[in-house]
K.L.:
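Handing you this structure, nothing more for now.
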Amino acid sequence: MPDFAHYLPVTDPTWIFFVVLSIILFAPMMLERLRIPAIVGMIFAGVLIGPHGFHILDRDGSFELFGKVGLYYIMFLAALEMNMQDVQKIRGRALTLGLLSFALPMLIGFGANFGLLGYGAPAAVLMAAMYASHTLVAYPIVLRYGLSRRKAVSIAVGGTIVADTLTLLVLAVVSGLFKDDVGPHEWMWLLLRVLVLGLIIVFAFPRLARKFFRRYDDGVVQYIFVLSLVFLGAGLMEFVGMEGILGAFLAGLVLNRSIPPSSPLIVVALVEHPSVFIIAAVMILVGGSSKWLAALATQKLFHMDAPERRLMFGLTNSRAAATLAVVLVGYRILLPDGSRLLDEDVLNGAMMLILVSCVGSSLLTENTARKLAQAETVGDDGPQIAEDRILLALSNPETVHPLVHAALTLRTPKSNTPLTALNVVLEDNPHLREEGLKQLERAVAIAAAANVRMITRSRWSVNVVSGISHTMKEFNASDLLIGLHQKTKLTDTFYGKLSTDLLAAIDRQIIIYRARIPLNTVRRIHVLVPRRAEFEQGFHHWADRVALLAEQLSCRIETYGGRGTLAALQAYWDQKRYSVTAEHHVYTEWHDLLSIAHNTHQGHLMIFIAARRGTLSRHNYMNRLPEQVERYFSARSVMIIFPTQLAAGTDGSSTIRAGLPVKVR
């Protein structure tokens, strides 16, 4: 038998990279069957292949580089977990849980670290910061059970922002005290520098990102640009004397957009001293009990149920990204006597804390979420949209990209229903078929990048309207998404003959979209709703689409309409538990939209809820709507929605009327 120990540790860069990639690939796959978070597999793998395990890999300079880069990236991903829209709605409760889940672990943890374990004040504070931080490792579980809209979940998400931000500030201050001979009395100056740089990141980075995204729509280029901003923020934070992870975390908060996930790989040592078990036991006990007390106090303060307390505790008890950041930074800090601020016993104890908290949090959240999902009735939290079949009619190569992105944003997240893209080829223009097929292929590629399946159809027809109409019926489509007609002659109408004929031939919801900026750079949505729209059959359907759009873009909504209509709209959103932040304006200037135009900017999206002729919500001002859009909104992204108008009695949905305090303009 060959002596494999002779070839270990692996030193060839090719084989090192192969081993690392293999672990990243297979560890999460194996643990997925056990419903254990992937980061647990990464930690186990690091233990097994590390210098004190099977010694397959050694800790050399390359791993120091990968570790620092990975540290910034996992903090960036931790910030991307936050849903800022949710936080705005329950900011008081989220702030309470966040402060409690930070203060209690810090106070109890400092006492235990300083009094029981005998660590000095800086080390005791830094260890307590590990207890105070938490990562939403169990959040995918509540998504799987459809509980993401519960208040307890939103409070836990908001509390994560508060707790992790305060934890990173503590880390920045403590680590800053050991840089450049900074004395303990100069920490206020350090905080001031962090605050100034933080404001620069908060206000400058989003603007740079929006300008870049509006100019370059390639996904790979955008991803590289986002990573560049992350490491720029980290580098600037180090430049002012703080830890770079704070800059990476802030960049993640201000660039709160979804990017492909990744998993960290760390190499740690196995237990060599029995004292590590005592340290780990104290860390697990103090960390878990303090988070439970924070959840209990929040439950009592806001009169919540016991299952909601368990859900908050399950979500906030797991440690991962921020805890890794704290312990690794503390491990790298060298004291004047040559020892480390946090020794290897603390490092290994932190790994045990992460393992136990992640597994325990996942099991508790799984058990609680299953019980809550079984207890809920279908009417309490039914599907967001009963019919979610969107058909895209593609004909112009320039509108393929914005239309597909609009469809991806309007659809129900996690829906298994594929999108459908259609290109109609007239029988007297067969040479256009190849161009149409290219458009369909491009649409499929864009959807695939978002992990969404798209069905394509290239259809021969005597006219475009009949081709689209027949395809709508064949796929039982709920929505038709088309681009706004582009005028080529002075005699052309605003909608164009095609859109006008489609409105007469199709009774399902039709969405006409014109993009001036990429949809993911929209900062606010304005919605003009006609009076008596709540009595129409398609009211709930377009309300769902608008709410989903706002949730996906994480932006506010401003609505304009009659008092009763706005009250019914808000009541429906509340009933469906949409996490939208809406400001309602009672509007009476229907024949001149200049006042609304003054409230819009280039980064806003204007949505007009229209109505077909002969319906309750059809008003005379809609005859002048094309003129108003061309005059006041020519430089704005515009979406015009014609709601579903089926035969009488086929909808069956009930109209919701409710009182709502609305802001009167």
Side-chain angles (χ1 to χ4, degrees), residues 213-222 388-411 415 417-489 492 495-503 505-506 508-521 549 637-641:
F213 292 158
R214 290 171 185 172
R215 185 169 183 178
Y216 303 98
D217 58 4
D218 183 82
V220 176
V221 175
Q222 291 181 354
D388 195 25
R389 300 180 180 88
I390 301 178
L391 173 68
L392 296 81
L394 305 178
S395 60
N396 186 350
E398 296 180 0
T399 62
V400 171
H401 193 276
L403 285 179
V404 175
H405 274 276
L408 292 172
T409 311
L410 289 167
R411 71 190 291 271
S415 173
T417 305
L419 297 173
T420 303
L422 170 69
N423 177 257
V424 178
V425 182
L426 298 179
E427 294 182 352
D428 56 347
N429 288 305
H431 63 280
L432 296 178
R433 177 177 172 80
E434 290 299 323
E435 180 63 31
L437 290 175
K438 292 180 181 179
Q439 296 181 32
L440 295 177
E441 291 176 0
R442 185 182 174 198
V444 171
I446 297 172
N451 198 27
V452 175
R453 187 164 65 96
M454 176 174 284
I455 300 173
T456 60
R457 286 292 182 270
S458 178
R459 186 180 189 118
W460 295 91
S461 181
V462 293
N463 64 74
V464 178
V465 174
S466 63
I468 296 177
S469 176
H470 292 159
T471 307
M472 288 281 293
K473 295 177 181 178
E474 291 169 2
F475 284 92
N476 193 24
S478 59
D479 301 74
L480 173 63
L481 179 60
I482 60 176
L484 183 61
H485 170 69
Q486 297 182 359
K487 287 188 175 182
T488 58
K489 298 181 294 184
D492 286 351
Y495 292 114
K497 187 177 185 305
L498 173 62
S499 299
T500 305
D501 293 343
L502 286 173
L503 288 172
I506 297 175
R508 295 290 180 147
Q509 181 163 281
I510 298 179
I511 304 174
I512 304 174
Y513 178 52
R514 181 189 69 193
R516 294 300 190 205
I517 61 174
L519 196 57
N520 65 330
T521 64
L549 184 64
S637 293
V638 171
M639 188 175 288
I640 304 173
I641 300 178

K.L.:
For T420, does its backbone N or O pair with a side-chain atom of R389 as donor and acceptor, under 3.5 Å?
P.N.:
no
K.L.:
Strictly distance-based, threshold 3.5 Å: is any side-chain N or O of D479 a donor or acceptor partner for the main-chain N or O of Q509?
P.N.:
no
K.L.:
Is a donor on one side and an acceptor on the other found under 3.5 Å between the side chain of H470 and the backbone of S466?
P.N.:
yes
K.L.:
If you take all heavy atoms of S461 and V424, which pair is closest and at what distance?
P.N.:
CB-CG1, 3.9 Å
K.L.:
In Å and rounded to the nearest 0.5 Å, what is the CZ to CD1 distance from R459 to I468?
P.N.:
10.5 Å
K.L.:
Within the 4.5 Å heavy-atom criterion, are N520 and H405 side-chain neighbours or not?
P.N.:
no
K.L.:
Which heavy atom of L394 sits nearest a heavy atom of Q439, and at what distance?
P.N.:
C-OE1, 3.7 Å
K.L.:
Rounded to the nearest 0.5 Å, how far does CG of L419 lie from CG of L408?
P.N.:
6.0 Å
K.L.:
To the nearest 0.5 Å, what is the distance between CZ (R457) and CG (L422)?
P.N.:
9.5 Å
K.L.:
Please assess L549 against L519 for the test side-chain contact (heavy atoms from CB on, under 4.5 Å), listing each intermediate value before the final yes or no.
P.N.:
CA-CA 10 Å; L549 184 64; L519 196 57; 4.0 Å; yes
K.L.:
Minimum heavy-atom separation for P402 and Y513, please, with both atom names.
P.N.:
O-CE2, 3.7 Å
K.L.:
Could you tell me the separation between the CG atom of L392 and the CG atom of L403, rounded to the nearest 0.5 Å?
P.N.:
6.0 Å
K.L.:
Run the side-chain contact (heavy atoms from CB on, under 4.5 Å) check on V452 and R411 step by step: do they pass?
P.N.:
CA-CA 10 Å; V452 175; R411 71 190 291 271; 3.6 Å; yes
K.L.:
Does R453 reach the side chain of I455, with side-chain heavy atoms less than 4.5 Å apart?
P.N.:
yes
K.L.:
Report the distance from atom CG of L484 to atom OG1 of T399, rounding to the nearest 0.5 Å.
P.N.:
10.5 Å
K.L.:
Show the nearest heavy-atom pair for residues I482 and A393, with the distance to one decimal.
P.N.:
CG2-CB, 3.7 Å
K.L.:
Which heavy atom of P397 sits nearest a heavy atom of R442, and at what distance?
P.N.:
O-NH1, 3.0 Å
K.L.:
What's the separation between atom CE in M454 and atom CD in E441, rounded to the nearest 0.5 Å?
P.N.:
13.0 Å
K.L.:
Run the numbers on R508 and L480 for side-chain contact (heavy atoms from CB on, under 4.5 Å), then give the verdict.
P.N.:
CA-CA 7 Å; R508 295 290 180 147; L480 173 63; over 6 Å; no
K.L.:
Can you give me the closest heavy-atom contact between N463 and L426, atom names plus distance?
P.N.:
CA-CD2, 3.6 Å
